[in-house]
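Working notes for the structure below.
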Number of protein chains: 2
Amino acid sequence: MVQESRKKEILKILDEQESLSVQELEGRFKVSQMTIRRDLTDLETRGYLIRKYGGAVKSEAVESLFSFNKRVEENGRQKEKICRIASGFIEEDDVIFIDCGTTLFRLSHYIQDKTRLRIITNSLPVVSELINYSNIKITFIGGDVVGDRKASYGDTAERLIGEYHADKAFIGADGVSLSKGLSSYDEKEARITRKMAENADKVFLLCDSSKIEKNSFYRFAPVSLINVLITERKISVENTSRYQDNDISIITNTEEV
Amino acid sequence: MVQESRKKEILKILDEQESLSVQELEGRFKVSQMTIRRDLTDLETRGYLIRKYGGAVKSEAVESLFSFNKRVEENGRQKEKICRIASGFIEEDDVIFIDCGTTLFRLSHYIQDKTRLRIITNSLPVVSELINYSNIKITFIGGDVVGDRKASYGDTAERLIGEYHADKAFIGADGVSLSKGLSSYDEKEARITRKMAENADKVFLLCDSSKIEKNSFYRFAPVSLINVLITERKISVENTSRYQDNDISIITNTEEV
DNA sequence: GTTGAATCGATCATAATCGATCATAATGTA
DNA sequence: TACATTATGATCGATTATGATCGATTCAAC
């Protein structure tokens, strides 16, 4: 058996059983413990599993290269709907910031047929999705590339965003509430998001309804930063009017604007 | 049996069994290992399978969106060799510029197992290839993304490179000669290349031998910019010494330094 | 905490495989 | 037939994978 296929086999086994031991693999493949250890070490540096004493366990995010495979599936239909609605706000010749994250990634599906756009993003999946469309010009925000997020972050990235100005920014958040503003689970992402919002004329927050009036741990901006909140279904009349009192339009389908 | 039908047989076998070894094919077809290896190498360059130590595995159906299509590439083996040689110059903790282009892309294969590197690049395929390796930190040079080159260019990109400093730069060119220096077919690429070279302590030009003492239309730097020229086969003694007179080492295999 | 067993990783020696090269055989062609 | 082209096999130094050893580390049971 070829070495590489043994490693593939190992991953297949791990796909079905949460954890595995060096011993069991040693017997399974008829090779020495040392060889198994070497395989596991290698697979770990490639991010496919996490080495433990005596064996290995599943890695949290075993996603393929630039797709968000698994996470994309969660609430997929909701996100699709949100993005379809959001795409209605994109007009010819717009310059647009697109935030990173699984929701925003889907937006790129809906803008492929728009004419003459400039997209400014720090998201590699977005670039990957739009790179072959000649009608769309892409500016990628450089910086430190973070593997599991497939995007770039850091001081350089933030500074670069500040050098651009966009007509519209499409951003995400892990929570939004009138009292605490926008919040995120990840600080470095939040800093990028805020920077994009600050440098755009009009800010659209794409956010599924479960996150509305919820807060995540890092608060990074007041609600006044956003102009439009797009979500997949109607929210309570009470909340709608409270947001509107703060000059934020809430959009849940393409008819009402 | 005719050669071509043996190759077809090999693909049939691979269709059913994930991977195959040189050994098993040797017995199956009653030919020498060398012949099997040649078959596999050929099938690989045509994109039908992926060569691994000891045999071959199925070609992945879904390749990374950012990787170059290897099968249609000319001089693939030469480029592989050049990059294998070049990788020998990479040391632990190095900060490295990697230029874009099909040759330099292959370098990323050979640096995956290096420990602790920082790669600074404007090449999306390079990022795609290395993004999952936790031992390698990646800084992406932002800027205008050019689809068919899968890299970013422009004033922003050039300015950003100037903000960094690397121990080594690995660059490419479409021509190099003592009299006219480095030349390129593409001005915007050349500007990036030059900028990387200017901001690195040591500059390695990776260049197949057909481009040596040839010139392309845009001359962008004197030969004095480079320190080492790596190519796939020995060049004339005369040329070798002439380059050495200009303080440029010519490397064609791993021994001589 | 102490102890013993299991596991780990570093290192070295060995084995398998690799690709480059050259010689030979098979095939095609004038 | 003579010659060029192509495929194959054999050899060899280089590279890579593997296995064995051993002191260090980790774990679990006491």
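Note on naming: letters A, B, ... go to the chains in the order of the sequence lines (proteins, then strands), and numbering restarts at 1 for each one. This structure is a prediction, so every number in the text was calculated from the model and none was measured.
- Salt-bridge check for Lys211(B) with Asp208(B): passed, with a basic side-chain N closer than 4.0 Å to an acidic carboxylate O.
- In this structure, CD of Gln3(A) is placed 14 Å from C1' of dA15(C), rounded to the nearest angstrom.
- Rounded to a whole Å, the CG atom of Leu25(B) is 16 Å from the C1' atom of dA16(C).
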Note to self: Checking Phe140(A) against Phe140(B) for the ring pair (Phe, Tyr, Trp, His ring centres under 6.0 Å) test, could you report, in this order, the C-alpha distance in whole Å, the side-chain angles of both residues, the deciding distance, and whether it holds?
What the structure shows: CA-CA 9 Å; Phe140(A) 189 77; Phe140(B) 189 77; 5.1 Å; yes
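- At whole-Å resolution of the value, CG in Asp42(B) and P in dG19(C) are 13 Å apart.
- Whole-Å rounding puts the Gln23(A) CD to dC8(C) C1' distance at 14 Å.
- The Arg37(A) side chain lies nearest to dT7(C) when the options are dG19(C), dT7(C), dC18(C).
- The CD atom of Glu44(B) sits 11 Å away from the P atom of dC18(C) (whole-angstrom rounding).
- Heavy-atom nearest nucleotides on DNA chain D were determined for Gln33(B) and for Lys7(A), and the one closer to the 5' end corresponds to Gln33(B).
- With respect to Lys150(B) and Glu129(B), no salt bridge is recorded, no charged nitrogen being found less than 4.0 Å from a carboxylate O.
- Base pairing of dA16(C): its partner is dT15(D), meeting the Watson-Crick or G-U wobble criterion (both donor-acceptor distances under 3.5 Å).
- Nearest nucleotide to the Tyr53(A) side chain, out of dT16(D), dA6(C), dG9(C): dA6(C).
- Residue Tyr110(B) contributes atom OH, which lies 9 Å from atom P of dT16(D) at whole-angstrom precision.
- Under the 6.0 Å cut-off for aromatic ring centres, Phe89(B) and Phe204(B) qualify, their centroids lying closer than that.
- Taking atom CD of Glu26(A) as the reference point, atom P of dC8(C) lies 11 Å away to the nearest angstrom.
- In the set dG19(D), dT8(D), dT7(C), dT8(D) carries the atom at the smallest distance from any side-chain atom of Arg6(B).
- Under the Watson-Crick and G-U wobble criteria, each requiring two contacts below 3.5 Å, nucleotide dT21(C) is paired to dA10(D).
- Straight-line distance from the CD1 atom of Ile36(B) to the C1' atom of dC18(C): 15 Å, rounded to whole Å.
- Both Lys52(B) and Arg38(B) sit near DNA chain C, but only Lys52(B) has its closest nucleotide nearer the 5' end.
- The side-chain heavy atoms of Tyr153(B) and Val145(B), taken from C-beta on, include no pair separated by under 4.5 Å.
- Contact annotation: Arg51(B) side-chain N/O to dC18(C) OP1/OP2 distance is under 4.0 Å.
- Here dG9(D) is the nucleotide among dA6(C), dG9(D), dG19(D) with the atom lying nearest to any side-chain atom of Thr35(B).
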